[in-house]
Amino acid sequence: MMSGFTAKKVLATGGAILLATAIGLVNAQPPAGGGSGRGGFGGRGGGGGRGGGIAQTLFAALDSDKDGSLTRPEMKATLDAWFTSADSAKAGSASGDQLLKALTAVFPIAPTTGGFDTWGNSIPMTPQQAEVDAMMAALPTNPGAKPARARKVLVFAHTGAGGFVHASIPLTAKTIEALGNKGDLWSTTISYSLADITPANLKQYDAIFLDSTTACFLDDADTAATNARRAAFLDFVRSGKGVAGIHAATDSYHWDCAAQAKTAEATPRADTAHVLAAQFVAQGDANSDKKVSRQELAALADAWYDKLDTDKAGKISQADFTARLTPAVLPAPVRPPQPSGEAALQQWPEFNKLIGGFFKFHWSDPQLITTKIDDPKSPLTAMFHGQEFEIHDETYTFNQDSFSRKNVHVLTSIDYDKMSDTDKKKESNPRTDQDYALSYIRAEGKGRVFYEGHGHSARVYATTPMLEHIRAGVQYVIGDLKADDSPSAK
């Protein structure tokens with residue numbers, strides 16, 4: 001088994017890396033669109049987001065006596081209970097939103113991991129415990145820079161509409177929390193909510209950590225609110241605070257954000273709660289008041305059961321229910337076409353410059369990359385001792401015109417000369433300058449920015465030198481670790 005990070009001379013990571021390697025290979029992102037990162041829309045799967053789909057999940061909820069078959073009284077009683085929960089005000093009818101709230105309690109909407117999300121992920125994700133254990137075992141034992149005062153970091157893990165939701169997002173968030181806790185370097189708040197990006201809320205933080213945010217991650221259909229969040233973000237860092245980003249933080253704002261938002265708005269969500277709430281109203285609303293009454297929902301339950309119990313046996317097996325649900329009762333979802341995402345539209349060029357560039361291509365995990373140290377004198381690379389090292393991960397490259405050493409101070413980069421011709425040929429339209437930065441820092445107004453391109457795989461977070469590197473990056477943007485951030489090229 002390959003280790004995720006092989007030192008040429010002096011680096012050691014311990015046994016935890018072997019476990020993390022196995023985990024990372026299981027969670028590896030498949031190549032999307034030939035490695036372009038834009039493989040098309042995905043959505044939250046049926047059944048609360050995972051597993052065998054809406055039919056299996058719905059059957060399990062309706063089969064109240066758990067005998068493997070469904071009767072008409074079971075179906076009617078369950079829908080009646082859901083109506084009671086939705087009609088909490090005892091008004092005699094329930095709207096789609098009220099039904100959705102009640103059904104979400106029954107069918108929680110699971111976060112999409114390892115796939116494209118049509119609407120953007122705002123649901124907190126839970127890391128795999130084995131991955132957390134491997135990361136905790138690899139935490140640096142040497143102290144970080146002494147904080148000037150109590151520090152706070154906001155880990156922002158919301159992904160934008162149409163973006164790829166990385167399985168490593170919750171592990172990354174837990175890593176930043178653990179790095180801060182060890183030695184009381186900073187405290188951490190983890191957020192998946194756009195509501196947290198306001199001037200008032202951001203005042204309490206010293207840095208924002210962009211956790212593979214992807215796509216137009218501060219945007220929604222409300223243009224005024226979007227513009228306010230963008231302004232709050234820029235003002236935050238330019239006023240003297242910091243932004244750190246990892247991996248897919250650079251896969252942002254380089255396609256048509258408005259088209260993505262419209263597609264998300266027009267696309268019906270495919271999880272169990274949303275599908276059922278929509279269909280209860282669409283099929284059960286007999287008097288066209290855009291609500292359903294208890295009687296209307298009972299009538300719908302009878303109608304559905306008649307369509308599903310084709311044998312008129314009075315019982316429906318799980319297999320028959322699963323086979324018949326979509327053609328008989330629930331219409332197949334119709335999704336609008338994906339808007340073009342390949343053109344470098346730069347919907348928010350201020351962000352593209354701030355973060356240092358935007359994504360063009362990735363070598364798929366576990367690509368072997370030889371990493372060179374561009375600034376061995378920087379405190380952000382001290383853990384590498386000036387020595388090249390090898391790493392296996394999904395490795396990002398930047399659009400030719402979006403990245404320049406005139407804009408950033410490069411810390412590490414790909415030793416392109418040591419990449420095989422076979423691997424080089426995997427990238428279409430390679431950079432003419434063969435300059436593939438991996439991590440860098442830069443000044444933004446009075447504030448500071450750090451970016452590390454790796455971080456797709458769990459094995460990265462079980463590697464002590466990489467954890468030290470990330471810790472140093474966070475302490476730099478906070479302001480507790482001073483470093484030369486002048487552009488590498490004049």
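Just so it is clear, the model here is predicted, and its values are computed rather than measured.
- Classified by interplanar angle (parallel below 30°, tilted 30° to 60°, perpendicular above 60°), the ring pair Phe359/His362 is tilted.
- The aromatic ring centroids of His409 and Tyr476 lie 6.0 Å or more from each other.
- Surrounding NZ of Lys182 are more than 12 heavy atoms belonging to other residues, nucleotides or ligands, all under 6.0 Å away.
- Residue Thr397 holds its OG1 atom at 13.5 Å from NZ of Lys426, rounded to the nearest 0.5 Å.
- Put simply, the side chain of Ser168 never gets that close to the backbone of Leu171: no donor and acceptor are under 3.5 Å apart.
- Proximity of a side-chain donor or acceptor of Gln367 to a complementary backbone N or O of Ser364 within less than 3.5 Å is not detected.
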Exercise. Evaluate the side chain to side chain contact (heavy atoms under 4.5 Å, CB included) criterion for residues Tyr396 and Leu438: first the C-alpha distance (whole Å), next the side-chain angles of each, then the deciding distance (0.1 Å), finally the verdict.
Key: CA-CA 8 Å; Tyr396 275 14; Leu438 294 172; over 6 Å; no
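- Distance alone, capped at 3.5 Å, is enough to place a donor-acceptor pair between the Lys482 side chain and the Gly479 backbone.
- A salt bridge is absent between Asp480 and Lys146: the closest approach of a Lys/Arg side-chain nitrogen to an acidic carboxylate oxygen does not fall below 4.0 angstrom.
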Quiz prompt | Steps toward side chain to side chain contact (heavy atoms under 4.5 Å, CB included) verdict (Ile470, Ile176) | solution = CA-CA 8 Å; Ile470 295 168; Ile176 300 305; 3.8 Å; yes
Exercise. Take Leu202 and Ile208, measure what side chain to side chain contact (heavy atoms under 4.5 Å, CB included) needs, and give me the verdict at the end.
Key: CA-CA 9 Å; Leu202 292 180; Ile208 300 170; 4.0 Å; yes
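- Remark: the Gln129 side chain and the Asp133 side chain contain an N/O donor-acceptor pair separated by less than 3.5 Å.
- For the residue pair Tyr451 / Ser439, no side-chain donor-acceptor distance below 3.5 Å is found, with atom types taken as modelled.
- With no hydrogens or angles considered, no side-chain donor-acceptor pair links Trp186 and Gln475 at under 3.5 Å.
- Proximity of a side-chain donor or acceptor of Ser402 to a complementary backbone N or O of Asn399 within less than 3.5 Å is detected.
- In this structure, Ile369 CD1 and Ser413 OG are separated by 10.5 Å, a value rounded to the nearest 0.5 Å.
- Using the six-membered ring where Trp is involved, His456 and His166 have ring planes that are perpendicular, over 60° apart on the 30 and 60° scheme.
- Contact check on Arg442 versus Glu444 returns a salt bridge, with a Lys/Arg side-chain nitrogen under 4.0 Å from an Asp/Glu carboxylate oxygen.
- A donor-acceptor contact under 3.5 angstrom links the side chains of Glu427 and Tyr436, judged on distance only.
- Between the side chains of Glu394 and Ser457, not a single donor N or O lies within less than 3.5 Å of an accepting N or O.
- The existence of a salt bridge linking Asp433 and Arg431 is confirmed by a sub-4.0 Å separation between a basic side-chain nitrogen and an acidic carboxylate oxygen.
- Checking side-chain atoms of Thr213 against main-chain N and O of Thr159 turns up no donor-acceptor pair under 3.5 Å.
- Salt bridge status for Asp206 with Lys152: absent, with no side-chain N to carboxylate O gap under 4.0 Å.
- Using a 4.0 Å cut-off between charged nitrogen and carboxylate oxygen, Arg448 and Asp485 do not count as a salt-bridge pair.
- In summary, Asp80 and Arg294 engage in a salt bridge, as defined by a charged side-chain N under 4.0 Å from a carboxylate O.
- A salt bridge links Glu177 with Lys174: the closest approach of a Lys/Arg side-chain nitrogen to an acidic carboxylate oxygen falls below 4.0 angstrom.
- When atom types are taken as modelled, the side chain of Glu296 and the backbone of Ser293 share a donor-acceptor pair closer than 3.5 angstrom.
- Within the 3.5 Å criterion, the main-chain N or O of Ala102 finds no donor-acceptor partner in the side chain of Thr104.
- Side chain to side chain, Ser486 and Asp484 meet the donor-acceptor criterion of an N or O pair below 3.5 Å.
- We find that Asp117 and Arg269 are not joined by a salt bridge, their nearest charged nitrogen and carboxylate oxygen being 4.0 Å or further apart.
- Between Phe403 and Tyr440, the angle of the ring planes lies from 30° to 60°, which puts this pair in the tilted group.
- The aromatic rings of Phe107 and Trp82 lie perpendicular to each other, with more than 60° between the two planes, well past the 30° mark.
- Within the 6.0 Å centre-distance limit, the rings of Tyr253 and Phe217 are counted as a close aromatic pair.
- A tilted orientation is assigned to the rings of His158 and Phe156, their planes being inclined by 30° to 60°.
- A donor-acceptor pair is defined here as one N or O able to donate and one able to accept, closer than 3.5 Å; such a pair exists between the side chain of Glu452 and the backbone of His454.
- Phe398 does not carry Lys360 over the face of its six-membered ring by the limits of under 6.0 Å from the centre and within 45° of the normal.
- In this structure a side-chain-to-backbone donor-acceptor pair under 3.5 Å is missing from Thr112 to Gly115.
- Of the possible polar contacts, none joining the Lys241 side chain to the Arg238 backbone as a donor-acceptor pair under 3.5 Å is found.
- In this structure, NZ on Lys203 lies 12.5 Å from CZ on Phe236, to the nearest 0.5 angstrom.
- Salt bridge status for Arg229 with Asp219: absent, with no side-chain N to carboxylate O gap under 4.0 Å.
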